[in-house]
Amino acid sequence: CGMSVVPAVGVAAADDTITVGFSQVGAESDWRTANTESMKSTFSEENGYELIFDDAQQKQENQLTAIRNFIQQEVDYILLAPVTETGWDTVLQEAKDADIPVIIVDRMVDVSDDSLYTTWIGTDSLLEGRKAAEWLNAYTTAKGIDAKDVNIVDIQGTIGSTAQIGRSKGLEEGVDNYGWNLLAQQSGEFTQAKGQEVMESMLKQYDNINVVYCENDNEAFGAIDAIEAAGKTVGSDIANGEIMVMSFDTTNAGLTDTLAGKIACDVECNPLHGPRAEELIKALEAGEEVEKLNYVDEEIFATDDTVDKVKAVNSLDEEGEYDVTPITQEIIDG
Ligand code: GZL
Ligand code: ZN
């Protein structure tokens, strides 16, 4: 690769440093920060890597520029966490022409020919949305709340991103299956500031909101602030005027809010993709075949029992049935 550094004296050491160019979406959320940290700690110098990191500030054009720079620098691998699914064919063809393998991380790319990337690591956003909808159905059914009295607003993620597409679809299926009222859907860009702004405007438009479906924790933090600033109460008791906030990502701050009853259900999404990415690069270095799709297990809370409880809140059992687990029962019993 073009990035080796020749030692000051003696012959150049065998270049066993692997150079990785990583085009990251941005730093829009706690989840994203954890994802970046996982990559940086995995692809460290002491682990034998040179990581060239680019933060695209959630703009696709910055990612295209970063990838072209990585190609110029003749990196050994390109890691791409794509902000949205479309618009990658041309630049991925340029990487392919330069014989640089591309590993897609987190969100998916929608390309005409999937040989344009070598492999993908991520989580199942549609399953996450379905878990949330199943949880809401289990909760309202157990509380005897009629579906026609459930008035939901959806603060969506970045439109066209895999996480937004899957999580919105999971909710929309629930609306179709169970008959809830979906009052409005608007993007909160996965950020706290935008989440708060969108919540404020929705509260002005609708006086009957009782469920807020936030497509990530940072939007939930913003929505909670907006709800409380409007003099309303955040909580699970929607039959008595509280506004229920649901969320995704199970970040530390999200789990803290969940255990405090501010977030009713926080659906897991594992940000720690570094180790899996390294496994794949090592396999590719060894000339091995790799799976095209690599799902990162949602078992990131195996240790801490407090967050284990929250984890249990949104676990679907093998049959895809919602199993009302201890803490959910606690919430339902009130
Ligand atoms: C989820 C990831 C999303 C997170 C957000 O896989 O793409 O992007 O849910 C982040 O926090 O902005
Ligand atoms: Zn090299």
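One-based numbering, in listed order, for ligands and for the atoms of each.
Scanning the protein heavy atoms around atom 12 (O) of ligand 1, the nearest turns out to be Glu28 OE2, 2.5 Å. From the protein, the heavy atom lying nearest to atom 7 (O) of ligand 1 is Asp106 OD2, 2.6 Å. Annotation: atom 9 (O) of ligand 1 to nearest protein heavy atom, Asp249 OD1, 2.6 Å.
Side chain of Thr17 to backbone of Tyr49: no donor-acceptor contact under 3.5 angstrom is found.
Screening Asn151, Asn210, Asp149 for a side-chain hydrogen bond (donor to acceptor under 3.5 Å, both in side chains) involving Asn181 leaves a single residue, Asn151. In summary, of the residues considered (Val25, Leu79, Thr119), a side-chain contact (heavy atoms from CB on, under 4.5 Å) with Val105 occurs for Leu79 alone.
The part of Arg167 lying near ligand 1 is the side chain, judged by heavy-atom distances below 4.0 Å.
Listed by number with element, the atoms of ligand 1 under 4.0 Å from a non-hydrogen atom of Cys269 are 1 (C), 6 (O). Counting atoms of ligand 1 from 1 in the listed order, those under 4.0 Å from a heavy atom of Arg107 are 3 (C), 7 (O), 8 (O), 10 (C), 12 (O).
Using a cutoff of 4.0 Å between basic side-chain nitrogens and carboxylate oxygens, Glu279 and Lys282 are not scored as salt-bridged. In this structure, Asp106 pairs ionically with Arg32, as a charged nitrogen and a carboxylate oxygen lie closer than 4.0 Å.
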